[in-house]
Amino acid sequence: MVGIVVVTHSAVLGQGVKELAEQMTQGRVPLAVAGGIDDPDHPIGTDPVRVMAAIEEVQQGDGVLVLMDLGSALMSAETALDLLPPEVAAQVRLCPAPLVEGVMAAAVQASIGADLDTVLREAQSALAVKAELLGMPLSREGIPLTRDSGGTGGDVPGAPREAGEADDAAPPAATAAPEASHELTLMVPNRLGLHARPAARIVTALGPFMADVQLVRGERMVSARSVNRIATLAVRGGETITFRATGADAAQALRALADLAAENFGDAPDAAGSSAVTGMPGTAARGKAGATAAPAAKGGVPASPGVAVGPVAWHHPAFDAPPPDLAAGTPAEETARLEAALDAARRELAALERRTAAVAGRQEAEIFVMHRLLLDDATIAGDARQRIAERREPAEAAWYVVIDEAAESFRQLPEGYMRERAADLVDVGARVLRLLTGAPPTGPRLDRPSVLLATDLGPSDMAHLDPALVLGIVTMQGGATSHAAILARSMGIPAVVGAGALAANVADGITVGLDGATGEIWISPAPGVLASIESRRAAWLAARQAALAGASRPAVTTDGRQVHVHANIGAPADAPVALQSGAEGVGLFRTEFLFLDRATAPDEEEQRAAYAAAAAAMPGLPVVVRTLDIGGDKPVPYLGDFAAGEDNPFLGVRGIRFCLARRELFLTQLRALLRAAAEHPLRVMFPMVAHPGELAAAKALLDEARHALNAEGLPHGPVEVGIMVEVPAAVALADQLAREAAFFSIGTNDLAQYVMAADRGNAAVADLSDALHPAVLRMVRDTVAAGNAAGIPVAMCGELAGSAEAIPLLVGLGLDELSMNGPAIPRAKDVVRGCDMAACARLAERALDLPDAAAVRRLLKEGG
Ligand code: PEP
Ligand code: MG
């Protein structure tokens, strides 16, 4: 494949061009950036050695096209050619095309395997295309001509031809194919028409075929193998176009195009007849006017069991005017606050983009790219800065007015698509405003029992939910172990997550049913279907009621072994619900929830109060407080976490690694814990421990905190110290770790993803990151064995522990304690009470011998 090198004075500029090209081609084309120079004080410039290295990086034998921005970039590229061995230099072409358009055109052409000269030709035609679109075709000398100056596209090299003329970008096969022409006429189904991405998909779809394919709109005809040419036609949704193909495989090429068109040219499906759907997920306007009446049950990811049905209420983040009497600092201070909030918002969006791309795919993540672009819009930030400087307004007020006015002007535009950008602007505006004020999200506001629909729900949104009004939850994003899912389970609210575009097209007030155990979703169910959903819900409510009745009794197997059943909580407020559900303690208090969705970390006293409150709600019962588990999928922008700069945050500085790197933050938490332990039986648990050195370092800091409290005369209490076993290394070293830990708690959510090398939030590999996989179960077996040998208890607090179907297997594996979301406890205890140790041990043995998670599930379904 032809490689591409981008030579720019600014590394950031080069990176941006690269990102765009990668988006167009799904990263298939080898593309390297030689941007900036190696001088931290003056990084702008070009460096021939970097250009040479970039060429060497991307050359795969099919040649390399080099595109440059301006001035010295050309000289650097030429010098690089002199530095390269002649046989490599002979395979390199320097391209005079405009940088951005040229790289995009070249990348798409290269991605379909075109040769170097074709890629060069396509890139070179890019400027002519832009000029044509502006009504200023280029002269032969490359000078823009106005319409009046007599230039025509047909006369201009590289410009689009009129109907009937051969297109100069067409591949050689076009002229060498005498066969009869085939035609495919269709109506463009996607509302936004053949914009850049569908155009790129058309070119890609034609890649495997030799046929010459032209695209005809009205009187104009262009090569369908050129993104640029397709773009000049400005084809809109609903218009009729014709693909005209000649060549041996013309019919097959047209069939491929017909298939692509049937899939909306790869765009997200639009709501039938609706003009409110944007084709971009996550837009706040979507819920207001789009309507879907399809009665069929569709699917998302099952997230929290239970059945719900009711009218939909969309949740959008609030964007309210700040109080008029808000005090302002100096303009310099207010500007600095605005810049800090903008930076934090950029980092949040980058993290959301990365997570969403992993969970739901690149296209779903584009919304956050677009939000970032809105944030970086120079006029918006510039206007806000100007208001601060000239009117001495506080940053909140300036930002609010600028966003509000810009959103209003979007709303006035005649184009429906542009009008809908107002909602995105408000979304971005709300994010920055929240970061400026430090206010946590207010959470969804409902005025009647509803099924809550949202792009995603953060922990604070969840914390603000009124379970009496939230019948069920459907989110467009997220996996079964996303925080919305975990919290929905702990609150006993049925939930389906990761419903994607399916949820996007549902309007406020439409009736939606969901089954959180199966992931089914019904939109506007027909009366018969509605009745059956309602009877499913009645059965679920009755079973829940019956389970609660026996919840407080211990869970003892038929042959007398007690399995302790504890609760996972995210806030002190979860503890009473858990106790009521029969929890015998807290097995996992995820303290990071105290740190999320706010502008600064909770101080020692706030933390002490939270830990004490959780323990007080569980009188006399053990409470395991897990220290901060930040990083990975839980970035906290104000802590300057490492995630934003990491390519693989799950393999980066998260959990205990983060705490050991943020010594002061960690010491504050440890002091708060020790102080809360003065009055309550607290245990401390460190997350993500991989080897004994980390445990020793964390314990040393705990000692340091204890000594400091002693010196200050502050009351504190003893704490047992245990670890999460969720990294394969910890299982391998479990015997060593067991000598230093008072207990183990197995985190199957992470253990499964690390053992199976499968992202826990990525639905595409969900069958691999399944904690029931025998590879993971063997890790559980080994951890239990090490714990037993050392005489320490082994618990499980990953989501698997709360799965009723898995419990006989977990009992058979010898776990001493299962910790789960509160609402799962009654049923879990019931299941334990029905267990016989010998039978469970046999079941575990059989499961460990199976090849995959699906086989284990079948075994469990059959009851062993
Ligand atoms: C786990 O990984 O199983 C676990 C309980 O921790 P978390 O889900 O918070 O990462
Ligand atoms: Mg974990």
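Heavy atoms only: backbone and side chains are in, while hydrogens, waters and symmetry mates are out. Atoms within each ligand, like the ligands themselves, are counted from 1 in listed order.
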### Task
Run down the list E799, M724, M685, M688 and name the one with the heavy atom closest to atom 4 (C) of ligand 1.
M724

### Query
Looking at D852, D770, D767, which hits salt bridge (charged side-chain N to carboxylate O under 4.0 Å, His left out) with R857?
D770

### Task
May I ask you to list the atoms of ligand 1 that are less than 4.0 angstrom from any heavy atom of D629?
10 (O)

### Task
Considering only NZ, NE, NH1 and NH2 on the basic side and carboxylate oxygens on the acidic side, decide whether E592 and R654 come within less than 4.0 Å.
no

### Query
Who are the ring pair (Phe, Tyr, Trp, His ring centres under 6.0 Å) partners of Y611, not counting sequence neighbours?
F589

### Message
I'd like to know if K829 and E584 make a salt bridge, using a cut-off of under 4.0 Å between side-chain N and carboxylate O.
### Response
yes

### Message
Closer than 4.0 Å to some heavy atom of R590 - which atoms of ligand 1 meet that?
### Response
4 (C), 5 (C), 6 (O), 7 (P), 8 (O), 9 (O)

### Message
I want to check something: taking the side chain as every heavy atom from C-beta on, are S745 and M685 in contact at a cut-off of under 4.5 Å?
### Response
yes

### Query
Nearest heavy atom to atom 3 (O) of ligand 1: which of L751, N749, I746, L800 does it belong to?
N749

### Query
Of all N/O/S atoms in D750, which lies nearest to the Mg ion (ligand 2)?
OD2

### Message
As an exercise, identify every atom of ligand 1 less than 4.0 angstrom from a heavy atom of L588.
### Response
5 (C)

### Summary
If we number the atoms of ligand 1 from 1 as shown, the ones under 4.0 Å from a heavy atom of E726 are 1 (C), 2 (O), 6 (O)

### Task
Output the atom name for the N/O/S atom of E726 with the smallest distance to the Mg ion (ligand 2).
OE1

### Query
So, does S581 use its side chain to make a donor-acceptor pair with the main chain of I825 at under 3.5 Å?
no

### Message
E799 vs T748, test: side-chain hydrogen bond (donor to acceptor under 3.5 Å, both in side chains). Steps then yes/no.
### Response
CA-CA 7 Å; E799 295 303 302; T748 45; over 6 Å; no

### Query
What part of R626, side chain, backbone, both or neither, has a heavy atom within less than 4.0 angstrom of ligand 1?
side chain

